[in-house]
Amino acid sequence: MSHLQTKLISHSQKVCSLYKRALRNTESWTTTRHIYRFRAVMLRQRFEENRNELDMRKAKELLELGEEELFQYGHYQPMKFPTSPGGVAYEREVVTPDWVLDHWHPAEKAQYPDYFARREERKKEYIENWDKKYGKPKPDDHH
């Protein structure tokens, strides 16, 4: 679940989120794959036992107990994917802005003629759409 809740989350979505977080927690606690798979199957069995619970009060209570258990047995240093928030490489990828391509040498641009021909067409379309939407700047409008 995201940190900022912008819409209602159904009970089934909450259960799926709890299941996924519990699996990730199990993955953090185990170092070998076969032990992790065994524990994952046991965890799935626990969720399947209460899958068809029709009493929503009981289902909500089970969900709260699951959240509490996950909190109690949470890993002290959970595994995070490198590019996920909290990971070691989060936001390290530098995305090169598009204007850098304008400064390529013509010999470099000649290696990709189709790409740069299409790019020039798209730039012209973008400028035309901008002028149509906002109008051309007046000569006396400057900072």
Side-chain angles (χ1 to χ4, degrees), residues 1-54 56 59-143:
M1 287 194 241
S2 66
H3 298 285
L4 180 62
Q5 183 176 337
T6 58
K7 61 180 180 177
L8 292 177
I9 299 171
S10 69
H11 177 77
S12 61
Q13 288 174 320
K14 290 178 184 178
V15 171
C16 288
S17 173
L18 174 64
Y19 177 68
K20 185 173 182 177
R21 287 182 287 133
L23 273 179
R24 292 292 181 206
N25 186 50
T26 303
E27 192 174 25
S28 294
W29 278 110
T30 54
T31 56
T32 55
R33 190 72 181 166
H34 66 281
I35 294 173
Y36 163 71
R37 283 302 307 146
F38 174 74
R39 291 183 181 168
V41 169
M42 297 301 289
L43 179 67
R44 182 65 187 202
Q45 181 184 2
R46 289 180 64 192
F47 273 80
E48 287 293 332
E49 288 171 359
N50 299 305
R51 181 182 191 133
N52 296 322
E53 182 64 49
L54 298 176
M56 284 309 291
K60 186 174 181 180
E61 182 182 333
L62 288 169
L63 180 64
E64 289 172 358
L65 288 172
E67 293 281 356
E68 179 65 28
E69 183 178 341
L70 180 62
F71 177 77
Q72 291 293 327
Y73 296 111
H75 197 273
Y76 57 92
Q77 189 175 4
M79 182 204 75
K80 296 195 185 295
F81 293 105
T83 54
S84 297
V88 295
Y90 180 62
E91 291 188 342
R92 283 195 186 178
E93 179 184 350
V94 179
V95 178
T96 308
D98 186 59
W99 59 264
V100 172
L101 295 173
D102 292 334
H103 298 287
W104 277 26
H105 190 272
E108 293 174 315
K109 290 182 180 181
Q111 295 176 358
Y112 308 100
D114 296 336
Y115 173 79
F116 281 99
R118 180 174 288 168
R119 186 171 183 277
E120 289 302 320
E121 290 174 16
R122 299 253 168 94
K123 280 172 56 177
K124 287 177 185 172
E125 289 173 9
Y126 181 82
I127 292 170
E128 288 171 6
N129 288 336
W130 177 275
D131 290 342
K132 190 178 355 175
K133 186 172 184 179
Y134 300 108
K136 292 192 181 260
K138 297 175 187 153
D140 57 340
D141 285 347
H142 60 303
H143 293 74

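Computed from a prediction, not measured in an experiment: that's the story for all the values here.
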Residues forming a side-chain contact (heavy atoms from CB on, under 4.5 Å) with [X], sequence neighbours excluded:
| X | value |
| --- | --- |
| Phe116 | Leu101, Trp104, Lys109, Tyr112, Arg119 |
| Ile127 | Asp131 |
| Glu48 | Arg44, Arg51 |
| Ala117 | none |

Residues which pass salt bridge (charged side-chain N to carboxylate O under 4.0 Å, His left out) with Lys60, listed by chain and number, not counting sequence neighbours = none

Sequence neighbours excluded, which residues qualify as ring-ring contact (aromatic ring centres under 6.0 Å, His included) partners of [X]?
| X | result |
| --- | --- |
| His75 | Trp29 |
| Tyr134 | Trp130 |
| Tyr19 | Phe47 |
| His34 | none |

query = Looking only at heavy atoms, what is the nearest atom pair of Leu70 and Ala22, with distance?
reply = CD1-CA, 3.9 Å

From [X] atom [atom1] to [Y] atom [atom2], the distance as rounded to the nearest 0.5 Å:
| X | Y | atom1 | atom2 | result |
| --- | --- | --- | --- | --- |
| Phe38 | Arg33 | CZ | CZ | 15.5 Å |
| Arg39 | Asn25 | CZ | CG | 10.5 Å |
| Thr26 | Arg21 | OG1 | CZ | 12.5 Å |
| Arg118 | Glu125 | CZ | CD | 10.5 Å |
| Leu63 | Asn50 | CG | CG | 11.0 Å |

query = Is the shortest heavy-atom distance from the side chain of His11 to the side chain of Glu53 under 4.5 Å?
reply = no

key: Residue pair Lys20 / Leu23, side-chain heavy-atom distance below 4.5 Å   = no

ask   = Among all residues two or more places apart in sequence or in another chain, which pass the side chain to side chain donor-acceptor pair (under 3.5 Å) test with Arg37?
value = none

message = Can you list everything that forms a side chain to side chain donor-acceptor pair (under 3.5 Å) with Glu27? Sequence neighbours excluded, please.
response = Arg24

Report all side-chain donor-acceptor pairs from residues 77-90 shorter than 3.5 Å, counting only partners two or more places apart or in another chain.
none

message = Treating Ser17 as the side-chain partner and Gln13 as the backbone partner, does any N or O pair qualify as donor plus acceptor under 3.5 Å?
response = no

message = Under 4.0 Å between a side-chain nitrogen and a carboxylate oxygen: does that hold for Glu120 and Lys123?
response = yes

